[in-house]
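Data first, discussion second: the structure below is written as structure tokens.
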2 protein chains.
Amino acid sequence: MPHDHSAFAPHDHAACAGGTLALAEQRLAEVGQRLTPVRRRTLQILLESHRALGAYDVLERLVADGFANQPPVAYRALEFLEEQGLVHRIRRLNAFAACMHPGEAHAPAFLICRTCHAVAEAPAAAVGEALQAAADTLHFTIERSTIEALGLCPTCTGAAHAD
Amino acid sequence: MPHDHSAFAPHDHAACAGGTLALAEQRLAEVGQRLTPVRRRTLQILLESHRALGAYDVLERLVADGFANQPPVAYRALEFLEEQGLVHRIRRLNAFAACMHPGEAHAPAFLICRTCHAVAEAPAAAVGEALQAAADTLHFTIERSTIEALGLCPTCTGAAHAD
DNA sequence: ATGTTTATGTTATACTATAACGCAGGAGCG
DNA sequence: CGCTCCTGCGTTATAGTATAACATAAACAT
């Protein structure tokens, strides 16, 4: 399994990103969806760092690669990737991050460092279950959930800087 | 305790809103903050329904009450109320909802009905603990968390309509 | 090759949020 | 009373996020 490490831990990132991209291609092929150039490049851009990027940040980089400088170019690619479970939306930041576990069923929880803006997907099965239990008591049917925590990653906690 | 019921259950809403407003005034007095006319009216507007309203929706109603038709009027009041723990921000909707348990320490979970847009604050202590546990394994320090679920409330589940 | 579907290019606009400055009114103090 | 300090509000302007709608083109199936 290519991603047993956290975004916060040092790791061979080229392999990490490459492996995830390969996994993503495989998933798309399985469901008969196409990883077109914009989509592929968009995913690569997000995979280059374990950080969340705004749609306009992504667009900026797409433009540098020759794509049109229009918001829908980025939004469409991001929306597609999100639908396919390859990208997650970080609502707290109005931003997007590549999924590190494509294909694995997961209602992910995100840990967002407010200092270095790194984003990790935490193992969140227990969180999801607790939320489901809370919803059950109110007879609410959950369809999608957003679980995000803002704080300090291990590195930035150590540095102990103020914001 | 005025709010042992859920937003999804029928209840005496006038009492519910009035009680929460009184509680809010009390909290503010305790910490030496002022519930000015805009702030009071903003809170009332949010208390009128167990739903999340966008800042511009709030503004529209404030304007109807004679306040200036400028975004900062609404945003300032909402920001103040949020800082005081009297209003919560619903990230998923870019909207705001009145807190139903002012003063009680809580990292709330929100259940948002995608059909009728009702928003309930669910008991979420267990969810928070699970999230904290997940963060601990990655040595991440949580400062603020966002827990939101989108789905169907009991009423709309019954109606079983498509979106 | 032709029709169908899917994806992209392009223009325009809607929606969300904040910066920055100036004025008004109350609070504390001589 | 007059001063000034502080808070909150009015106001203008603009920044940042997201989508609607229609035109063009590429890919796919037959």
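Naming convention: chains lettered A, B, ... in sequence-line order (proteins, then strands); numbering from 1 in each chain.
Of the candidates D:dT11, D:dC9, D:dA18, D:dC9 carries the atom nearest the B:T36 side chain, counting heavy atoms from C-beta on.
Because its NZ or CZ atom is both nearer than 6.0 Å to the ring centre of B:F80 and within 45° of the ring axis, B:R39 counts as a cation-pi partner of that residue.
Ion pairing of A:E148 with A:R91 is absent here, as no side-chain N (NZ or NE/NH1/NH2) approaches a carboxylate O to less than 4.0 Å. In summary, A:R27 and A:E30 engage in a salt bridge, as defined by a charged side-chain N under 4.0 Å from a carboxylate O.
Rounded to whole Å, atom P of D:dT17 lies 14 Å from atom CD1 of A:I90. Atoms CD (A:Q70) and P (C:dT13) sit 14 Å apart, rounded to a whole Å. Summarising the geometry, the separation between CG on B:N94 and P on C:dA14 is reported as 18 Å, rounded to the nearest angstrom. Rounding to whole angstrom units, CZ of residue B:F67 and C1' of C:dA24 are separated by 15 Å. Rounded to whole Å, the distance from CG on A:L28 to C1' on C:dT6 is 15 Å.
Mapping B:R34 and B:A95 onto DNA chain C by nearest heavy atom places B:A95 at the nucleotide closer to the 5' end.
In the helix from C:dA1-D:dT30 to C:dG30-D:dC1, the terminal helix axes, each the rotation mapping four pairs' C1' atoms onto the next four within five end pairs, subtend 20°, rounded to 10°.
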**OP:** Show the numbers, then the answer: is there a salt bridge (Lys or Arg N to Asp or Glu O under 4.0 Å) between A:E143 and B:R92?
**Re:** CA-CA 13 Å; A:E143 291 174 347; B:R92 187 139 201 143; over 6 Å; no
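Contacts with DNA chain C (heavy atom under 4.0 Å) in residues 38-57 of chain A: A:V38, A:R39, listed by number. Non-hydrogen atoms lying under 4.0 Å from DNA chain C are contributed by A:P72, A:V73, A:R76, all within residues 71-79 of chain A.
Smallest separation of non-hydrogen atoms from B:A74 and B:V58: CB-CG1, 4.5 Å.
Side chains of B:H117 and B:H50: no donor on one and acceptor on the other come within 3.5 Å.
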